[in-house]
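Here is the structure we will look at, set down as structure tokens.
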Amino acid sequence: CYMGSTIPPQCGDFVDRYLQNDSVPDLQQLLKDDNSSTQRAHVPGKDVFQLKGRIELPKSLMLEMNKDSYEWGFMGIFPDICYVWATLDTNIYLFNYEEYDNEFLSYTDLDQVIIAVALVKPKPNVFVEDVKHILVLATPVEIILLAVVYEEDGRISLLPSNLSIPSDNVNMLKIVGTKEGRIFLCGKDGNLYEVGYQSGDSWFRKKCWKTNHTQTFVSSCVPSFLKLAGEDPLIDIIYDEHRSLLYTLSANSSIQLFDLGEDGDQLIRAGGINNIRSACLRLWCDAKPDSSMFALKSIAVVGIAESSAIHLMGITASGIRLYFSTVPRRFRKKLADAAKNEKLFREISPSCLELVHIRTPPPKDENNRRNVLAEYSQIDTLSYSEGTCIITDTSQNDDELLLVCTAPVVTQSQYELKERVSFINIKAEFAWTIENLRPDDAKNRYCGNELATQHVVPAPEFLCLTQEGIHRIVKLRPVDELYALLGESQGQQTEELNKFFQFYKAEACAMCLVIICAHQQRSLLPLLKNSSFSSNVLQIEGSKSNEIARLAEAAFFDYGGDPNYKTETHIANATVGFHPTIDLSNKFHGISMYLSRILAPLWKNPAFEVGDAREFSLGKASKDKTTIPCVLRPFLSPVELVEVQ
């Protein structure tokens, strides 16, 4: 990090410049400077993705699943309520993976095979206040809504709601709910459906109904036996909560965009791409590509904190990543420069779906970059969040699953679209789903720069669900890597530790302060038991925390360097002048970075405001009840550091 060679006249200038350097360019700009070939970065430290163990499925549930009498089953995760679900023909089972006690909840009152499951938010003023979620079950015959009720001990129970609607013999392959309580379903017949409900029957509508949003009047008149040959089933549907958009993906890689309106109560088809292969060929650089490698397998939302101009990412069977925008090209730079302005996005309004960039998958062999596409052939599951991408490759062996995990590299000296890559092998045939336990934060102004947030934001954690159990995957932050390197060094200046400080420089000094402060707060725990911070207190536990904190303090001074005094010579009007300058040390920059990031939540907000009568009143920084706790959190509840095995 280079902050200039002179000391600004005011300390506040330092804070402004550090916070400005923490801002990451919009993904639109990073993709613009990218050459489509994934640049795999070699950063000193530990393997950035770590497999942190496995949660076994309840033994009694495994016995049920292994019975030969069942022919149809699915599995999935509800991260909002920390439950895993599994269907076996007409039955559904749920168990809490956080409070594992070998018990599970079951619902066995159906007489049809369950083919799709979703947990959605209820509409307001329809259910009692105790119902926080609705469990939607789809069978080939009907769609059923169950009320999810929370007991006093925190457990849940499933109660019939008397809300159901015939599915008209259409298999619903996936279900998604919106924050307003709307329920959308993608049908095997290629149509987008919506299930609506109300508290009771009315003159013009029953209390539960189904709407086909994509079927035209002409197609509705065609007999069903004539439609079978031309069906393009919808295999995926995702909801962008912050932009109020809906996307569908068909088996033939057709993507459709629907605008739900600013209030989420509309449904307007805003664009789509029916021939993804042709769109890819227009941007593809290599000659004579195999068009089959552009077959889309899954899609994911690009969060509003990561980009204002890029809105969707898709993964193909060969691992190629496709980036899409929902606004015309002439508006993208304006959106990117607006820095996550949701109001401006609504003023421009989504009106198209355009492929704007293609990225190849990371090479498994660095010496074989030319044949990287040949290394991937059966990419399936996708999880994407704030630049971190995890995909599954089932082309290895019949009983082995490969997780390809990528994460962006961020340094304050420059921002480039380079990635760190980890490959994790799991004993499983395939993955049912990969869920991110830390959803995107739309208000994160430093999205993509974990260096600026690692002192308060915990390490990202993912759950990979297979038939063998739930595998926990943690993405290490740089401070976690330093914590591990310090523990391994045993007080010596090892080669790995030297490379780490040479790469991160002042940032590494700031990480030392994070480790030191996290350790020092253990003495504050008795004072925090009755405070509002007590539920967030996460400490470095274990006997070695004292030693690593001491090593972090020593490394701060050993690697932080000293200021460098220089004299610059300049000539003006035939007069030779000498101007003394100071190159500040990494210790200074490190402690300044750490302090600036702590002050960031209130730095630009006034603490007091002066009224017309020269009366003082509380400003935004003082009125917002979340600002002061956010600033004090690094001192009162430091973020947990991940132990690396």
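For clarity, every value in this text was computed on a predicted model and none was experimentally measured. Here, residue 1 is the first one in the sequence, and each next residue gets the next number.
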Taken to the nearest 0.5 Å, the spacing of I426 CD1 from L403 CG works out to 4.0 Å
- Using modelled atom types only, decide if a donor and an acceptor are shared between the side chain of T381 and the backbone of A431 within a distance under 3.5 Å. yes
Separation between NE2 (H357) and CG (L355), nearest 0.5 Å, reads 9.5 Å
I want to check something: taking the side chain as every heavy atom from C-beta on, are Y83 and I77 in contact at a cut-off of under 4.5 Å? no
Hits for side-chain contact (heavy atoms from CB on, under 4.5 Å) against P328, two or more places apart or cross-chain, chain-then-number order -> R330, F331, S351, C352
R243/E262 salt bridge by N-O under 4.0 Å criterion:
no
Looking at side-chain heavy atoms only, is the closest gap between T248 and D236 below 4.5 Å? no
Check whether any side-chain heavy atom of K174 sits under 4.5 Å from a side-chain heavy atom of I235, and report yes or no. no
For D380, the salt bridge (charged side-chain N to carboxylate O under 4.0 Å, His left out) test, sequence neighbours excluded, returns none
Residues passing the side chain to side chain donor-acceptor pair (under 3.5 Å) test with T394, sequence neighbours excluded, are Q378
Query - Backbone N/O of A428 and side chain of T466: donor-acceptor pair under 3.5 Å - result: no
| message | So I320 and W284, do their side chains get closer than 4.5 Å, heavy atoms only? | response | yes
Query raised in the report: Counting only N and O atoms by type, is there a donor-acceptor contact under 3.5 Å from the side chain of R182 to the main-chain atoms of G177?
Result: no
- request: Could you tell me whether a side-chain N or O of R277 sits under 3.5 Å from a main-chain N or O of A295, the two making a donor and an acceptor?
  value: no
Discussion item. In the structure I gave you, are the side-chain heavy atoms of I183 and I175 within less than 4.5 Å of one another anywhere?
Written reply: yes
**Asked** So, E450 and R438, do they make that salt bridge, N to O below 4.0 Å?
**Response** no
- F345 vs H311 aromatic rings, parallel, tilted or perpendicular, using cut-offs 30° and 60°? perpendicular
Across all chains, not counting sequence neighbours, the salt bridge (charged side-chain N to carboxylate O under 4.0 Å, His left out) partners of K333 are D337
Check your understanding: Are E435 and L465 close enough that some pair of their side-chain heavy atoms sits under 4.5 Å apart?
Key -> no
| Got a donor-acceptor contact below 3.5 angstrom from the D259 side chain to the G261 backbone? | yes
Residues passing the side-chain contact (heavy atoms from CB on, under 4.5 Å) test with S244, sequence neighbours excluded, are L260, R346
### Donor-acceptor pair, side chain of D26 and main chain of S308, under 3.5 angstrom
yes
Flag, side chain of T87 to backbone of F74, donor-acceptor distance under 3.5 Å:
yes
- Message: When you measure from the side chain of N449 to the backbone of L451, do you find a donor-acceptor pair of N or O atoms at a distance under 3.5 Å?
- Response: yes
The reported gap from CG in L192 to OH in Y247 (rounded to nearest 0.5 angstrom) is 14.0 Å
Smallest heavy-atom separation, K46 atom then L476 atom, equals CB-CD1, 4.1 Å
Flag the pair I273 / F324 as yes when at least one side-chain heavy-atom distance between them is below 4.5 Å, and no otherwise.
yes
d(I237 CD1, F184 CZ) to nearest 0.5 Å is 7.0 Å
Side chain to side chain donor-acceptor pair (under 3.5 Å) filter on E241, not counting sequence neighbours, yields none
Plane angle bin for W432 and F430 - parallel if under 30°, tilted between 30 and 60°, otherwise perpendicular:
perpendicular
Sequence neighbours excluded, the answer for salt bridge (charged side-chain N to carboxylate O under 4.0 Å, His left out) partners of E180 is none
Those residues at least two apart in sequence (or on a different chain) that pass salt bridge (charged side-chain N to carboxylate O under 4.0 Å, His left out) with E429 are none
Sorted by chain and residue number, the side-chain contact (heavy atoms from CB on, under 4.5 Å) partners of R329 (sequence neighbours excluded) come out as R332
S596 meets the side-chain contact (heavy atoms from CB on, under 4.5 Å) criterion, sequence neighbours left out, with V15, Y18, L19
**Study point:** E347/K334 ion pair, N-O < 4.0 Å
**Key:** no
Taken to the nearest 0.5 Å, the spacing of I424 CD1 from L401 CG works out to 10.5 Å
Across all chains, not counting sequence neighbours, the side chain to side chain donor-acceptor pair (under 3.5 Å) partners of S250 are D232
For E461, the side chain to side chain donor-acceptor pair (under 3.5 Å) test, sequence neighbours excluded, returns R472
>> Are T316 and M293 packed together at the side-chain level, in the sense that at least one heavy-atom pair is separated by less than 4.5 angstrom?
In response: no
